Amino acid sequence: MYRTYRQSLFVHLRAVLQEKFQVEIARLTVEEPPKVEMGDYALPIAFELARTLRKAPRKIAEELVAALGSVPGFTGFEVAGAGYINCRLDRGPVARKFVEVEQWLPPLDYALLEHTSINPNKAAHVGHLRNAILGDTLARFMRWGSSKSLSFMPPRVQNYIDNTGVQVADVVVGLTHLEEMDLSGVKRWMETLRQSNERIDFVCWDLYARVSQWYEAGLDQKEARKQIRLDTLHALEAGSNEMAVIADLVSTAIVRRHLETMQRLGIEYDFLPRESEILHLHFWDAAFALMKEKGVLYQETQGKNAGCWVMRRAGTAGADGENPDEEAKVIVRSNGTVTYVGKDIAYHLWKFGKLGLDFGYSRFHTYPDGEECWISTEHGEEPHPSFGHASVIYNVIDSRQADPQNNVIEALYGMGFTKEAENYHHFSYEMVALTPRCATELGYVISEEDQSRPFIEVSGRKGFGVKADDLIDKLIAAALVQVNARHPERSEAECHSIASKIAIGALRYYMLRYTRNTIIAFDFQDALSFEGETGPYAQYAVVRAANIFRKANITPADALRAFEKIDAAAYFSGEDGDSLWELWLLASKSVHMLERCIQSTEPAYMAKYAFQLAQQFSNFYHRHHILTESDPNRKAVLLATAAVAQRELIRALAWMGIEAPDVM
RNA sequence: GGGCGAGUAGCUCAAUCGGAUAGAGCACCGGCCUUCUAAGCCGGGGGUUGUGGGUUCAAAUCCCGCCUCGCCCA
């Protein structure tokens, strides 16, 4: 609603600017006055026009105000400060409008959103949680934004599985060389794990760390061991051998664990494309042919890259005729093997439907809500949902991968796929690191140098990090202590369900509250906090509102219907009315915030918004004791205020994958 | 050496791509539970936005130099 009136204000302003001053402003900026009593929107337009019109800003503002006349939904415009135009909404009618339900629009095309993408060789850790939570939240934003008054594309969510990469190879080396198992041994081992309820991803977490040490240990054997690693990697890539079968068994089992972990947070996927199929279905061959045809690849004849197929890098001069382009990106090495970037280009050509090849698909997992998750295979089942052929893609990948991502984008530009390159969004975010204190708590020995740093990078190779499931378990346990103390009458199952929602709320909020390019220095103390700017704080506001309605024996929907019959304008005036209106105004900004979040791919704005809304509601809650209000009309207005605030808060939280429990 | 990002209150972070008095949380100090749940509310102290210049009505934000830190590439 805030958004609707904002747009209507734009339309009127543009018309007036055109008519009165014959100017067109491509981007109109709208701000908010520092205080509610000053108005609901602030236009700094007069400042911008001062130069071109050679007039004082205040004078321009006055003329504009006169020309604007009356605009539906607005009571007036006034000049403030050095030349701001402050716009006031007609509070009573606008509030009534806000109570109405929005209309639906049919979805258009779809957007391919890829996130999580954990190497299937170890347990998920906090860094992966940030990725998955950011990605899932963006998916939720887009899902809503495609089905209601905004016109964004609905997402299809993919989780890329690098099941033939070096990390999986490392675990296979661990099993075959450190544990000295063959295929049947691995099968027996996995069966033992199943029976003892041990998690394969946890066991491999340690095994992976051990293998990494094993490679380094023993100077005389170092080379031989590195060769074992390389041979194993090549075996996985080739497929159809014992190593590849072991890799497939282990990585698939771990992928299932990752899916379970993410499911605890309400995160689901539509499709799991795997690197094994990209290799075995020869995606690269098709891409190679296409790249040569389009002229983005050439074979270097001299210099260090002689014999390689290379691609010119973005922002470099390139070859000058005499000297080879030493900065060019190698796509195919002189020995004929394809680099990671090469495979990635092929995969992204598939994403945009430009490769001419497709995966086979088979069902992999069915979620409790009935949604199905598919996985790539060589020979799939029919019928299957359609993937690929996206017009817009989002890749949720941390900022360290910016270079490889840009290489793919560069290749798309080079091949003439300009539209695709422009619609390729690297959703970049900074890593999650550990505070030195947290690392020490976990029992790691920290060097003196690291002690003084604000954070230390996690490392799967060293087995250094916080496992996602351990963190979730800790959060639930911490929440459970408080739930049990507050609600001794509730059953164990009920308490656990409430504690889970609080834990998920705390975790998801924690991962979302930081803007994307802020490095999160993870600390249990912060993550386990349920006070202040946290998920549970916002959930608590929802619960309190629910308590009011329960005690008042009225539903929020009834409260809103009752409100429609009242002339509320009187209750929105005066000092008290201002503070009441402030809450309505903030509540009405939810969809506007959603639009901003999707456009800027910045979920942190939603987290901030939800917190502010909860904060203002808490303030309102303490200020007005609704149930004892004697004036029936005023009581109805207060109830409607609580209903509106609660409704928008629930919505904002839902967009972030956070649900408030019934009681807290 | 090149590229990207960061530097704001004691700590952790915001600041709607240049706007009105730079805001929150944590921590600290002081108040508020017999009224809809204190996971809460109210009040207080705390800032030369790393640094030096520049651009203009207006700079944490844009431009140039320097310093520090992180990541990526070679």
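A note on names: the letters A, B, ... follow the listed sequences, proteins ahead of strands, and every chain is numbered from 1. Nothing here was measured: the structure is a model prediction, and the numbers come from that model. The figures here come from the full heavy-atom set of this structure, side chains too, leaving out hydrogens, waters and symmetry mates.
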A:Arg623 side chain near B:C41 phosphate (N/O to OP1/OP2, under 4.0 Å): no

Take atom [atom1] in [N] and the same atom in [M], then report the distance between them in whole Å.
| N | M | atom1 | result |
| --- | --- | --- | --- |
| B:U35 | B:U21 | C1' | 37 Å |
| B:A22 | B:C29 | P | 28 Å |
| B:U61 | B:U55 | P | 15 Å |
| B:C33 | B:U48 | P | 38 Å |
| B:A27 | B:U12 | P | 15 Å |
| B:G18 | B:A58 | C1' | 8 Å |
| B:G47 | B:A24 | C1' | 15 Å |
| B:G5 | B:C63 | P | 11 Å |

Closest to the [X] side chain: [options]?
| X | options | value |
| --- | --- | --- |
| A:Met431 | B:C71, B:C36, B:A20 | B:C71 |
| A:Glu430 | B:G5, B:A20, B:C13 | B:G5 |
| A:Tyr540 | B:G25, B:U21, B:A38 | B:A38 |
| A:Phe611 | B:G25, B:C36, B:A39 | B:G25 |
| A:Ser618 | B:G40, B:U16, B:U37 | B:G40 |
| A:Phe47 | B:C57, B:U35, B:A39 | B:C57 |
| A:Arg486 | B:U37, B:A20, B:A74 | B:U37 |
| A:Gln615 | B:U37, B:G25, B:A20 | B:G25 |

Cationic N near anionic O, under 4.0 Å, A:Glu602 to A:Arg596: no

Lys/Arg N to Asp/Glu carboxylate O, A:Arg623 vs A:Asp576, below 4.0 Å: yes

Describe the nucleic acid contact of [X] in one word from base, sugar-phosphate, nothing, applying a heavy-atom distance below 4.0 Å.
| X | answer |
| --- | --- |
| A:Ala42 | base |
| A:Gln525 | nothing |
| A:Lys635 | nothing |
| A:Val330 | nothing |
| A:Val663 | base |
| A:His426 | nothing |
| A:Ile519 | sugar-phosphate |
| A:Glu31 | base |
| A:Pro404 | nothing |
| A:Tyr514 | sugar-phosphate |
| A:Asn517 | sugar-phosphate |
| A:Tyr621 | base |
| A:Arg453 | sugar-phosphate |
| A:Ser399 | nothing |

Distance-only donor-acceptor check, side chains A:Gln167 and A:Asp162, under 3.5 Å: no

Flag for A:Asn395-A:Tyr424: side-chain donor and acceptor within less than 3.5 Å: yes

Assigned glycosidic conformation for B:C41 [threshold 90° from 0]: anti

Measure the distance from [atom1] on [X] to [atom2] on [N] and round it to the nearest whole Å.
| X | N | atom1 | atom2 | answer |
| --- | --- | --- | --- | --- |
| A:Gln612 | B:C41 | CD | P | 14 Å |
| A:Arg544 | B:A38 | CZ | P | 5 Å |
| A:Phe530 | B:C26 | CZ | C1' | 16 Å |
| A:Ile456 | B:C69 | CD1 | P | 17 Å |

5' precedence on RNA chain B between A:Ser529 and A:Asn86 (nearest-nucleotide basis): A:Asn86

Parallel, tilted or perpendicular, as decided by the 30° and 60° cut-offs, for the rings of A:His592 and A:Tyr2: tilted

Any donor-acceptor N/O pair under 3.5 Å between B:U37 base and A:Lys551 side chain: no

Presence of donor-acceptor pair under 3.5 Å, side chain of A:Asp403 and base of B:A74: no

